[in-house]
Every structure is written in C-alpha cells, then in structure tokens.
There are 2 protein chains.
Amino acid sequence: MTVDTLAHVSCADCPIRHRAVCARCEEDELAALDGIKYYRSYEAGQSIIWSGDVMNFVGSVVSGIATLTQTMEDGRTQMVGLLLPSDFVGRPGRSGAAYNVVATTDLVMCCFRKKPFEDLMARTPHIAQRLLEMTLDELDAAREWMLVLGRKTAREKIASLLTIIARRDASLTPQGVVNTLTFDLPLTREAMADYLGLTLETVSRQMSALKKDGVITLEGKRRIHVPNMARLFEEAGDDSDGGFLS
Amino acid sequence: MTVDTLAHVSCADCPIRHRAVCARCEEDELAALDGIKYYRSYEAGQSIIWSGDVMNFVGSVVSGIATLTQTMEDGRTQMVGLLLPSDFVGRPGRSGAAYNVVATTDLVMCCFRKKPFEDLMARTPHIAQRLLEMTLDELDAAREWMLVLGRKTAREKIASLLTIIARRDASLTPQGVVNTLTFDLPLTREAMADYLGLTLETVSRQMSALKKDGVITLEGKRRIHVPNMARLFEEAGDDSDGGFLS
DNA sequence: AATCCCATTTGATCCAGGTCAATTTCAGTC
DNA sequence: GACTGAAATTGACCTGGATCAAATGGGATT
C-alpha cells in the first residue's frame with residue numbers, strides 16, 4: 001500500500017467499523033512512513049497533553065484509552081471527549097492546547113512530528129480530507145453531547161452514556177442485530193460523573209435505580225448487561241436508536 | 001486573486017479578525033467562481049436545514065444570524081452553535097444533517113452545490129486545510145461550551161455568554177485594549193436559555209442580579225454596558241480572558 | 001486469611017434552579 | 001397619546017440533584 005491510501009474512507013474487512021479510521025489498516029499503510037512516525041507510551045494516569053502545552057505532534061491512539069477534560073481553577077472538571085484506538089489528537093499548525101489529555105489506561109500512540117505531518121498532508125490531500133471528515137464527526141458528537149449536558153435529566157444522562165458505550169462496543173464485536181447486550185464499562189463512577197456533569201453519588205444512585213427497574217443488570221461492578229436495548233434507548237430520551245436496532 | 005488563495009489563513013487588513021475566514025475577502029476571492037456559487041436568502045424564523053435533511057450544498061453566511069439547535073420529541077431544545085457572517089454550514093460528502101439550522105434574522109448565504117465544491121477541494125488542497133482549521137476551531141469552541149453546560153452555575157453561564165458576545169463584538173469593531181464595553185445582545189431571553197441549558201425565568205433573574213451587583217447595566221432591553229470587563233471574566237469563572245485584556 | 005485502600009453504595013439534609021402564575025415593560029400601530 | 005401583544009420581570013413554591021457523612025464491598029498485598 002502507498003501513502004496515498006492512508007486516508008481511505010472505509011475499511012470493509014476490519015472489525016473496527018465504527019471508528020473513522022481503522023487503526024490496524026492505518027498501521028499497515030503507515031508502514032511506508034518509517035522514520036517519520038514514532039511511538040510514545042504512557043502509563044495509566046499519566047498526562048499526555050496539558051492545557052496550554054505546545055502541540056508539536058499529531059498522534060493516533062494505537063491501544064488504551066485517554067480522556068479529554070476541561071478544568072476550572074476550583075477543580076470542577078468536565079470531560080469533553082474520549083480517545084479510543086484509532087482516534088487522533090493534536091493539531092497540525094496550532095500551538096496551544098485547549099484542554100488536558102490524560103491516559104486512563106496504559107496507552108500507546110503512533111505520532112508524527114508537526115512539520116513532517118504537514119508536509120505529508122500537503123503531498124496527499126486525501127489525508128487532509130480524511131481528517132476533515134473525522135473532525136466533523138467529532139463535532140457532531142460534541143454537539144449531540146451538548147444536548148445531553150444541557151437538557152437531559154440524571155437518569156437520561158446515564159442511559160445516554162450507556163447507549164454510547166454499548167453502541168461502540170457492539171460495533172467492535174459485531175454479531176448482527178441484537179436486542180440484548182453485555183459489555184464492560186471502562187469508567188469509574190467519578191469519570192462517568194465528569195462526563196455527564198453530575199456528582200458520583202448521583203451516578204451511583206441512578207445506576208441503582210436503573211438496576212432496580214430492570215433496565216440493566218450488573219455482573220460485578222463494571223460489567224453491564226442490557227436485556228432490552230430498545231428500552232435503554234427509550235430511557236435515554238433519544239428520538240432514534242441511530243440505526244442500532246433493526 | 002486566484003482560487004488558490006481562498007484558504008489564506010489570516011486577513012490582516014480586514015476588521016473581522018476573529019472569524020476563521022473573512023467574509024469580505026472570501027467574497028473577492030470567490031468572484032473567480034461565478035457559475036459555481038449561488039446565493040440563497042432566508043427570512044427571520046425560516047428553517048434552513050431540518051435535522052435529517054440531505055445536505056447537498058455547502059454554504060457560508062454572508063449576512064444575518066442563524067442558530068444550530070438539537071431538539072427532543074418533548075420539545076426540550078439545546079442550541080449547539082451560532083452561525084455568523086463568514087461561518088460555514090453543510091458537509092461535503094455527508095447526507096444527513098444532525099441538527100436544525102434556523103435563521104434568526106433575515107439571512108443571505110453564499111452556497112456551492114456539493115459536487116462542484118468537492119471538485120474545488122480536490123483541486124485546491126488549501127481549501128480542505130482551511131476548512132479543517134475552521135472545523136477544529138468550532139470543535140474547541142463546542143468543547144469549551146460543554147464545560148459551561150456541565151459545570152457552571154446559572155450566574156457563571158450568563159457571564160460566560162456575555163463574555164463570548166462581547167469578545168466577538170469587540171473584534172468586529174476593534175478599538176485597542178479596553179476595559180469597558182457596550183454592545184447589543186442579539187438574542188431573546190428564551191434563546192439565551194436554550195443556549196445555556198436554563199429556563200428563561202432563570203436567565204432573567206440572573207441578568208437582574210448582575211445588574212443589581214453592578215457587573216452590567218442595561219440600556220433598553222437588548223443593549224448591554226459592561227463597565228469592567230475583568231469583573232465579567234471573573235464572574236464567568238474563566239481562568240483567563242483569552243487574551244482579551246492587556 | 002487478615003489488612004489496607006479505594007471504589008461504591010446508601011442515607012439525610014439542603015439549595016439552586018425549575019415550575020407555575022401574575023405583572024410590568026416596551027415597540028409598534030392606529 | 002391610547003391600544004395591543006409579545007417579551008421580560010418578579011414572586012411563591014417545589015423538586016432534582018448536590019452536599020455531607022457513614023457504611024459496605026472487593027481487589028491487592030502481606
């Protein structure tokens with residue numbers, strides 16, 4: 001494969017269909033670029049980018065999870081994004097980061113220094129277009145989340161978060177159309193609270209309430225079973241399942 | 001000027017410095033494109049794009065204001081963005097819109113049909129890069145707003161909104177560094193509420209409170225005077241003024 | 001198996017902002 | 001200058017989620 005195909009739009013034979021770029025294929029295609037790309041490893045809890053840092057690289061997550069958070073001086077924090085394998089961070093041509101990026105698990109990123117990456121983009125317009133697509137997807141997701149933060153009740157917020165994780169998880173291990181699903185919740189109650197603009201106590205209470213009402217069942221603390229996805233979407237107040245069901 | 005320079009990054013002699021692309025210069029540069037671009041006019045209150053619509057065009061606002069809103073079936077709405085002159089809407093290569101776009105004033109847009117625009121992007125990579133820059137700016141703004149929606153108090157939310165409008169207004173009519181400012185608020189209380197995830201009553205109460213505390217004064221309903229911008233930034237809970245002061 | 005350390009759950013109380021309802025203000029319009 | 005209707009203000013009350021505090025659970029270490 002050549003550099004020109006880095007930015008292919010779909011990746012039919014890859015199980016990671018929901019991501020904008022399939023990390024595995026990307027790996028293959030970027031093999032042509034040895035010497036330009038390099039790898040960085042982070043431990044769980046380690047800060048990757050601190051708000052205001054100069055961003056002299058662009059990176060794609062290979063494995064692990066990182067969170068994007070905004071913080072106020074008094075400690076209030078809001079998670080504004082989740083970075084999963086194949087997601088990009090960094091901004092070619094911009095010097096100050098607007099938020100913190102922290103690894104929540106051990107994490108490996110595939111990086112490019114700013115200048116080589118810019119050259120690469122100039123040479124292969126497909127890459128810039130692919131990045132534009134991905135960024136527009138993220139913008140849509142951010143705007144959808146604004147509705148969650150601004151207008152939904154605590155219970156709806158929890159249900160919304162669960163549908164997002166479930167959807168993502170289901171597309172990672174596709175098994176046709178299912179109305180029942182079991183998945184891991186890779187977040188602490190506190191992280192969920194930071195994502196949803198709630199306190200961890202409220203998150204815990206609402207999780208208990210959803211359990212009591214039979215919307216979910218818990219196996220251990222982190223493993224969630226949803227007997228009826230349609231019910232969960234309903235609880236989330238979504239007007240559609242985003243094509244998940246049927 | 002040539003098409004190649006459409007995507008110039010800065011526009012030193014243009015008063016509209018805060019926008020990603022200067023509408024005026026863009027107009028000039030796009031003059032070379034007559035026959036590809038065309039104009040659309042909308043009346044105040046008219047819907048430009050309805051959630052789910054096929055987006056077969058890309059458009060830049062020439063004059064007027066439009067809002068992007070998300071809606072739930074029960075009527076709860078959240079404004080997720082504001083379109084001002086020079087802002088882009090539409091998504092080359094994507095068919096379903098994620099939200100509603102409604103003109104709040106009479107509005108004129110400069111549009112491109114999807115296909116010619118894609119061709120244009122392919123021919124002139126600068127345009128794709130410029131759009132990427134703009135989209136990343138919007139993503140940053142959306143993420144900043146998520147902190148406002150998720151973690152700020154009603155008073156801080158109002159102050160944050162005023163800060164944004166004031167900043168935008170100040171850059172439209174630059175007058176050096178000022179610590180005092182008067183500007184129009186182009187939104188009803190209800191629109192402010194939809195933006196901030198509050199009710200219009202709470203907006204009204206907090207406006208009154210800010211007035212009583214001397215943070216702002218009102219001339220009529222819509223004209224706002226801020227005697228001390230530093231104080232307003234403080235009320236917004238922002239850790240910085242974003243380079244507005246000093 | 002006992003200990004320690006967190007994450008989580010649960011309870012009790014409080015309060016910011018929502019809800020419902022009644023005025024007031026003001027830009028048009030005749 | 002009086003009339004009208006939409007926008008805005010203000011008041012009274014209620015409630016969802018925050019806050020403060022205590023108890024429980026479960027995984028790692030020894």
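In the text below, chain A, chain B and the rest are named by the order of the sequence lines, each starting its count at 1. Since the model is a prediction, treat every value here as computed from it, not as a measurement.
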Of all heavy-atom pairs linking A/Ile65 and A/Thr105, the shortest is N-OG1, 2.8 Å

To the nearest angstrom, the CG-P distance between B/Leu200 and D/dA8 comes to 8 Å

- Message: Between B/Arg143 and A/Glu138, does any NZ, NE, NH1 or NH2 come within less than 4.0 Å of an OD or OE carboxylate oxygen?
- Response: yes

Review point. Between the side chains of B/His225 and B/Thr217, does any donor sit under 3.5 Å from an acceptor?
Key: no

Less than 4.0 Å between a side-chain N and a carboxylate O, is that true for B/Arg91 and A/Asp137?
-> yes

For A/Ser204, answer base if it contacts any base atom (sugar-phosphate contacts may also be present), sugar-phosphate if it contacts only those atoms, and nothing otherwise; contact means non-hydrogen atoms under 4.0 Å.
base

Worksheet entry | Cationic N near anionic O, under 4.0 Å, A/Asp213 to A/Arg155 | yes

Worksheet item: Looking only at side chains, do A/Thr163 and A/Ser160 share a donor and an acceptor under 3.5 Å apart?
Response: no

Requested in this report: Using a strict 4.0 Å threshold on nitrogen-to-oxygen distance, state whether B/Lys152 and B/Glu235 make a salt bridge.
Outcome: no

Polar-atom pairs under 3.5 Å, protein N or O versus N or O of nucleotides 15-19 of chain D: list them with distances, or write none.
{"residue": "D/dG17", "atom": "OP1", "partner": "A/Ala154", "partner atom": "N", "Å": "2.8"}
{"residue": "D/dA18", "atom": "OP2", "partner": "A/Thr199", "partner atom": "N", "Å": "3.4"}
{"residue": "D/dA18", "atom": "OP2", "partner": "A/Thr199", "partner atom": "OG1", "Å": "3.1"}
{"residue": "D/dA18", "atom": "OP2", "partner": "A/Thr202", "partner atom": "OG1", "Å": "2.3"}
{"residue": "D/dT19", "atom": "O4", "partner": "A/Arg205", "partner atom": "NH2", "Å": "2.9"}

Outermost contacting nts on DNA chain C, any atom under 4.0 Å from chain A heavy atoms, listed 5' then 3', are C/dT8 to C/dA12

Checklist entry - Do A/Arg189 and A/Asp194 sit within salt-bridge range, that is, some charged N less than 4.0 Å from a carboxylate O? => result no

